[in-house]
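Only one structure is covered here, and it is reproduced in the block below.
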Amino acid sequence: MQNSIPNLSSILGRQVLIGVGGGIAAYKICELVSALAKAGAEVRVILTGSAQQFITPLTFATLSRHPAFTDQDFWQPTHGRPLHIQLGEWAEVLVIAPLTAQTLGKLAHGLADNLLTNTVLASTCPVLLAPAMNRKMWQQIAVQRNWQQVLTDPRFHGIAPRVGMLACDVPNQLPDQDLNSWQQVAGRMAEPEQIRAQVESLLHTQGQRDLTNYHLLLSAGGTREYFDPVRFIGNPSTGKMGIALATAAVHRGARVTFVHGPIHPELMATLPPVAAVAITSAAEMHQTMLQHFAQANIIIMAAAVADVRPQDCHTEKLPKRSLPSSLALEPIPDIVAELGKLKQPHQKLIGFAAQTGNILAPALRKLEEKQLDAIVANPIDQPQAGFGSETNQAIFLDRQGRNWEINRCSKLQLAHHLFDFLSSLS
Ligand code: C5P
């Protein structure tokens, strides 16, 4: 039985309000406005006074095909309803990017002294914040306090700054310790396409937090089974699907515990606020999943866990000449199958089945054998699907015989499809 699947691909006609702050990253918001407008979204832009020092309203008016708003418009006498009320009611999602320390401080304290901050207070839609600033500014205790404070409000969603070079860096003049921190301390605004993906996710939720009372325990990434300190049996999993699931779940109001194998730091920086536990081996993942299992009411095992491990692990790196010509392997206990046995009636357990060839029959067998409530049959031999790619495709199956076939879409869209599927799990 194939049920109807909501169409997530279109943002046609959706109303996105973008507040641009006074930072050099303002120029990148042109790309965001252009991409959203080209995809058919209705885009309106508000520029703060300092944003206009970097970029003009004309640029945004041209890209959004609509006049851009400034504080001058805010203070104009009007015969209609005040502009900030109209814009606040109009917006389905409000994005503030780049978010400056100043605007962040105002939001954290509920202050409103310009069109943008008044519109925030006059609206109820989800607000996506993408800060960008000098890394010393971002690290200030007061700024971090404001950031944590603002994120306690469920309306606000943060897309934290990334590590990378900033316009205020002078690379060949940086002393060594600064070069070091350059690689470690964030400040750079998230890329426009990352912001756009989050906007689409928030448009999908429409501000509804249907997972508010849920605690999701989610495993992600791949495990590594070492046989000496540098060599291991692993797999190409990057953790992208897991991060997409965490993002969709957080946008829908869930509390998330994210148990993950090694994930690239740049990708980890895109993780929304969750409790993250880093592990390396399947044994560590096993132990961590058991530890958190009882507190969770949805458990999604998206990790690519190794099935076998070397019998021996040498503490010293083996010289090339001593490398064995074959490895003695031992099986690894199936974590999700063990969780299936421990599962209580209030808990839903979901597995992934990465398959080549015929994906349905093996997935159905795993659904049964591992006592899962649902399984994501995931073809990894299709173009732009599976490990490491930005997009994915899948068939969702449950024990009632429901079967949703999801065509290739972004991993974030696939994640929302999965939560939609799970919401009607009996
Ligand atoms: O049997 P197969 O490895 O294909 O099943 C995949 C599912 O089982 C995934 O949800 C994966 O996270 C889980 N798994 C596990 N423990 C293992 C191997 C796989 O929980 N040792």
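Computed from a prediction, not measured in an experiment: that's the story for all the values here. For reference, positions follow the sequence shown, starting with 1.
With a 6.0 Å radius and a threshold of 12 heavy atoms from other residues, nucleotides or ligands, Q347 has its CD atom above the threshold. Enclosure of atom CZ in R255 is not indicated, since only 12 or fewer non-hydrogen atoms of other residues, nucleotides or ligands lie within 6.0 angstrom. Annotation: Q72, atom CD; neighbour count of heavy atoms from other residues, nucleotides and ligands within 6.0 Å does not exceed 12. Heavy atoms of other residues, nucleotides or ligands lying less than 6.0 angstrom from CD of Q144 number more than 12. Counting non-hydrogen atoms of other residues, nucleotides and ligands closer than 6.0 Å to CG of N358 gives a total above 12.
For the atom pair CE of M301 and CG of L372, the computed distance is 10.5 Å after rounding to the nearest 0.5 Å. Rounded to the nearest 0.5 Å, atoms CD (Q86) and OG1 (T119) are 10.5 Å apart. The distance from the SG atom of C125 to the CD atom of Q206 is 12.0 Å, given to the nearest 0.5 Å. Distance check, rounded to the nearest 0.5 Å: CD of Q148 to CZ of R145 gives 11.5 Å. Rounded to the nearest 0.5 angstrom, L412 CG and R196 CZ are separated by 11.5 Å. From L339, atom CG reaches atom CG of D334 across 9.0 Å, with rounding to the nearest 0.5 Å.
With contacts defined as side-chain heavy-atom distances shorter than 4.5 Å, the pair L397/L360 qualifies. Counting heavy atoms from C-beta outward, D113 and L111 have side chains that stay 4.5 Å or more apart. Side chains of L267 and T270 form a contact here, defined as non-hydrogen atoms less than 4.5 Å apart. Taking the side chain as every heavy atom from C-beta outward, E390 and E193 never approach each other to under 4.5 Å.
Note on ring orientation: taking the six-membered ring where Trp is involved, the planes of H416 and H251 are parallel (angle under 30°, cut-offs 30° and 60°).
In this structure, a donor-acceptor pair under 3.5 Å is absent between the side chains of R309 and T223. Between the side chains of H215 and T257, at least one donor-acceptor pair of N or O atoms lies under 3.5 Å. With hydrogens and angles left out, the side-chain atoms of D420 and S423 include no donor and acceptor closer than 3.5 Å.
Minimum interatomic distance between G253 and R209 (heavy atoms only, all atoms of both residues): CA-NH2, 3.6 Å. A377 approaches A363 most closely through the heavy-atom pair CB-CB, 3.6 Å. The nearest pair of heavy atoms linking V20 to A26 is CG1-CB, 3.7 Å. Closest approach of V43 to S64, counting heavy atoms only: O-CB, 3.6 Å.
Listed for the Q384 side chain is no donor-acceptor partner under 3.5 Å among the backbone atoms of S389. Although no hydrogens or angles enter the test, the distance criterion places no donor-acceptor pair under 3.5 Å between the side chain of K348 and the main chain of I298. A distance-only check finds no donor-acceptor pair linking the side chain of N392 to the backbone of C409 [under 3.5 Å]. In terms of modelled atom types and a separation under 3.5 Å, the side chain of R155 and the main chain of S123 share a donor-acceptor contact. K411 places a side-chain N or O within 3.5 Å of a backbone atom of G386 that can act as its donor or acceptor partner. Looking at Q15, its side chain does come within 3.5 Å of a backbone N or O of W90 through a donor-acceptor pair.
Both tests pass for R402 against the ring of F421: distance under 6.0 Å to the centre and angle within 45° of the axis.
Checking V336, L245, I375 one by one against F352, the side-chain contact (heavy atoms from CB on, under 4.5 Å) holds for a single residue, L245.
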Before giving the answer on side chain to side chain contact (heavy atoms under 4.5 Å, CB included), spell out for H292 and V277 the whole-Å C-alpha distance, their side-chain angles and the decisive distance to 0.1 Å.
CA-CA 10 Å; H292 294 275; V277 187; 4.1 Å; yes
